[in-house]
Amino acid sequence: MTDLLDILANPSFWVAVLRIATPLILGTLGVLLCERAGVLNLGIEGIMVAGAFTGWLAVFAGAPLWAGVGVAALTGMAFGLLHAFLTVGLALSQHVSGLGITLLATALSYFGYRVSFPKVNTPPTIAPFAPMEWLPVPILNAQTALTLLALLLVPAIAWVLYRTPLGLAVRMVGENPQAAESQGVSVAATRTGAIVAGSALMGVAGSFLTLSAFNAFFFNMVNGRGWICVALVVFASWRPGKALLGALLFAFFDALQLRLQQSGDAVLPYQIYLMLPYLLSILALVLVARKASYPQALMKPYRKGER
Amino acid sequence: MRLERRHESSRTALVLAPIGAIVFTMAISALLVLWAGAPVGRTYALLLQGGFGSVFAWSETLTRAIPLILTGLAATVAFKARLFNIGAEGQLFAGALAAVAVGGMHGGTGFELSPWLLFPLMMLAAAVAGALLLLGPALMKNKLGVDEVVTTLLINFIVLLGVSALLDGPMKDPSAMGWPQSVSLQSDLELGKLVAQTRVHTGLLWAVSLAVMVWAIFKYTVLGFDIRAVGANARAAVFAGVPVTRTVVMVALLSGALAGLAGAIEVAGRTSYVTLDMSPGYGYTGIAIAMLAGLHPLGVIAAGVFVAGVLVGADTMSRAVGVPTYIADVIVAASLVAVLVATLLTQYRVRMK
């Protein structure tokens, strides 16, 4: 018990929480944008891998760090465009298209890594983002600028969604595409835009792993974080503020799990602690399922003139 | 751009669509071969040769195809009813563990059974383990509206961690020199070889028979009709008097059991014990195979052999010309996307305006 208090009283614990939460915040916002427009994007897991890889590769090749983030965003956009073409243009199953993109993006990234570094055993490193020590805010000043970006994007996206005509259009095509179309909103264009923007965020979420949290690209480094984001969006009932809360809560338990594991008097096999985040996600899904207010048109393809 | 439904799609087009999509994929993937700095023609020739070019190549391909056909069937059954089971990987490991628990753990405890009794018990345990793992997500989807994609995916991580804990602890083989691997099956429970001097085992017959069985269920039984009805439109199925919950439960049990059997058959036919790397993602590849086959159970056999051939061939090719083996995964994933588009084009016409 005193152990637990010790852990919670230590600022380094909260630094870890915010660090673990960052890719989840970015990824969850990305999924949220897509789903608000009525499109499930299970490509996230692969898009994060691809963003982690291309962002890192750009920096390794000599680009500045922010250009690496930009490259990761562009990578995300490219896969988002493919997902939009398949699900909005051709009205294919959103589940299947997303899974296909995850497989494709992951395979392409691993292939690209192996082609670029054929005989390397220890992954080559870069100099990642430095902590913002100039910031007079404790805990936040141990983070990098990407964390600040993620935190700022939460109110920004909430503002766009709820306070601008663009956000209204996005929410309308996710709730009632027929009505949106009759108001002169192009369902296809709005959905495509939302998917591309959301996928860009997923790419950036991936690049956080290689450009900030670590300094190299590893296989399996995304390790299910994308799927957790999909669960977090349901937990957040599609609201940016709650998405931030969910990501922080999740990161809290993940960081706690790590500390308990290290504290030495762990009674259970370490794998049990590692299971906690996944169990927690499922529990969260079950708990909010009953009152979850899905965007009404989520996963329903829209074809003009067809009902 | 808009889509117009075609009045009829010809059978030829339906068969040619996946083939055309695969040819298209190979053409696009040629760019990756060029990027890796290898000659395209030779690389593809080596890939084909490595997968299908000799008796040995065929034996390796068919060995690899066995778990892929089974996980492909698992995905086919579930997807047909729009139950998106992405958990075949976890179900496969659950089945493998159950098989070893029944067929390997009882030695020395005086619990001796004839292999004639023990073998069916082992397979049953594997099927039940896989089935139970999918039952929860299926019921959560049906009763609570929890998206089954996310739950089945997350359960994969939980199962793999559980397997890892068991292989470190209670199920660890004490004679494995510290490696996290389970105890072995009793040797009289292992599947026989189909061809001497190769690794192909009689699990191939299991996989093919199960594919035929699933095909017969789809075609000739009430359950098959119900599955298609639920998959086409769950709400309409309720109105038509189809027992939706019961159908979903049956689908979950069948799909999970097939994935569980994939694990047991891998253990009984190939590895004889469970390790964490016994499956390089067969559960996920099974999804691509089901889609490549257009959710047709007999097509799953062909798609499974094709994908297995590409994976096996890529190993040989990579050793010879140094193109990373990940190109096989790219080809499988890109074919999946291309086949989806090609199949759509057999049903719809794209009009630009």
Side-chain angles (χ1 to χ4, degrees), chain A residues 40 42 45-46 82 85-86 89-93 95-116 118 188 223-224 226-228 230-231 234 268-275 277-282 285-286 288-290 292 294 299 303-306, chain B residues 1-3 5 32 35-37 79 82 84 86 136-137 140-141 143-147 149-151 153-166 168-169 281 284-285 287-288 291 318 322-334 336-337 339-341 343-345 348 350:
Chain A
L40 179 74
L42 295 178
E45 181 81 9
L82 178 63
F85 168 69
L86 296 173
L90 299 180
L92 287 171
S93 157
H95 275 118
V96 175
S97 164
L99 291 168
I101 286 174
T102 282
L103 292 176
L104 184 64
T106 309
L108 275 174
S109 307
Y110 290 177
F111 180 84
Y113 179 75
R114 270 285 163 247
V115 170
S116 315
N223 196 20
W227 309 129
I228 304 259
V230 179
V234 184
L268 295 166
Y270 73 94
Q271 291 96 340
I272 305 290
Y273 295 102
L274 288 177
M275 279 182 200
Y278 302 107
L279 287 168
L280 199 75
S281 291
I282 294 178
L285 282 177
V286 172
V288 298
R290 278 198 183 282
Y294 281 82
M299 285 184 259
R303 293 196 185 102
K304 235 182 221 174
E306 266 182 42
Chain B
M1 186 173 91
R2 63 185 295 169
L3 300 168
R5 191 172 262 286
L32 297 179
W35 180 22
F79 280 37
R82 283 190 185 275
F84 289 97
I86 321 297
M140 283 198 284
K141 171 202 169 91
K143 298 289 175 200
L144 300 169
V146 181
D147 189 54
V149 172
V150 184
T151 47
L153 266 168
L154 295 173
I155 289 173
N156 284 342
F157 291 96
I158 296 172
V159 171
L160 271 146
L161 286 165
V163 172
S164 162
L166 285 171
D168 272 349
Y284 303 105
T285 314
I287 297 162
M291 302 312 301
S318 179
V323 176
T325 52
Y326 289 104
I327 194 156
D329 299 311
V330 178
I331 291 175
V332 171
L336 161 65
V337 175
V339 166
L340 288 176
V341 174
T343 315
L344 183 100
L345 294 181
Y348 288 88
V350 178

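All values below come from the heavy atoms of this structure, side chains included, with hydrogens, waters and symmetry mates left out. Computed from a predicted model, the values in this text were never measured in an experiment. Sequence lines set the chain letters: A, B, ... in the order given, protein chains first and strands last, and positions in each chain run from 1.
Within the 4.5 Å cutoff, the side chain of L32(B) has heavy atoms near those of the L108(A) side chain. Contact annotation: the side chain of P269(A) never approaches that of D168(B) to less than 4.5 Å [non-hydrogen atoms, C-beta and beyond]. Between L86(A) and L340(B), every side-chain heavy-atom pair lies at or beyond the 4.5 Å cut-off. In this structure, the side chains of S116(A) and W35(B) come closer than 4.5 Å at one or more pairs of heavy atoms.
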Evaluation steps, side chain to side chain contact (heavy atoms under 4.5 Å, CB included), between W227(A) and S281(A): CA-CA 10 Å; W227(A) 309 129; S281(A) 291; over 6 Å; no

Test log, rule side chain to side chain contact (heavy atoms under 4.5 Å, CB included), inputs M291(B) and F79(B): CA-CA 9 Å; M291(B) 302 312 301; F79(B) 280 37; 3.7 Å; yes

Worked verdict on Y284(B) versus L99(A) for side chain to side chain contact (heavy atoms under 4.5 Å, CB included): CA-CA 9 Å; Y284(B) 303 105; L99(A) 291 168; over 6 Å; no

Working for side chain to side chain contact (heavy atoms under 4.5 Å, CB included), residues D329(B) and Y110(A): CA-CA 9 Å; D329(B) 299 311; Y110(A) 290 177; over 6 Å; no

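Ring-plane geometry between Y278(A) and F157(B) is classed as parallel, the angle between the planes falling under 30 degrees on a 0 to 90 degree scale with a further cut at 60.
The two residues R82(B) and K141(B) have their closest heavy-atom pair at O-NZ, 3.2 Å.
The candidate from L103(A), I228(A), V115(A), N223(A) with the greatest count of non-hydrogen atom pairs under 4.5 Å with chain B is V115(A). For the options V341(B), I86(B), L154(B), heavy-atom pairs under 4.5 Å to chain A are most numerous at L154(B). The candidate with the highest count of non-hydrogen atom pairs below 4.5 Å against chain B, out of V286(A), V230(A), V96(A), is V96(A). Contact count against chain A (heavy-atom pairs under 4.5 Å) is highest for L153(B) among L153(B), T325(B), V337(B), V150(B). Most heavy-atom pairs under 4.5 Å with chain B: of the set P118(A), S97(A), P277(A), G112(A), this distinction falls to G112(A).
With a 4.5 Å cut-off on non-hydrogen atoms, T102(A) does not touch chain B at all. Heavy-atom distances place no part of T106(A) under 4.5 Å from chain B, backbone and side chain included. Using a 4.5 Å cut-off between heavy atoms, L42(A) contacts chain B through its side chain alone, with no backbone atom that close. Residue contact with chain A, scored on non-hydrogen atoms closer than 4.5 Å, involves the side chain of L336(B) exclusively. With a 4.5 angstrom heavy-atom cutoff, I331(B) does not touch chain A via any of its atoms. For chain A, the nearby parts of D147(B) are the backbone and the side chain; heavy atoms of each come within less than 4.5 Å. Contact of Y270(A) with chain B is made through the side chain alone, with heavy-atom distances under 4.5 Å. Residue L274(A) touches chain B through both its backbone and its side chain, counting heavy-atom pairs closer than 4.5 Å. Interface remark: L144(B) contributes backbone and side-chain atoms alike to the contact with chain A (heavy atom separation under 4.5 Å). Proximity to chain A (any heavy atom under 4.5 Å) is shown, for I158(B), by both the backbone and the side chain. At a 4.5 Å heavy-atom cutoff, the contact between V149(B) and chain A is made by side-chain atoms alone. Heavy-atom distances place both the backbone and the side chain of I282(A) under 4.5 Å from chain B.
At least one donor-acceptor pair closer than 3.5 Å links the side chain of S109(A) to the backbone N or O of A105(A).
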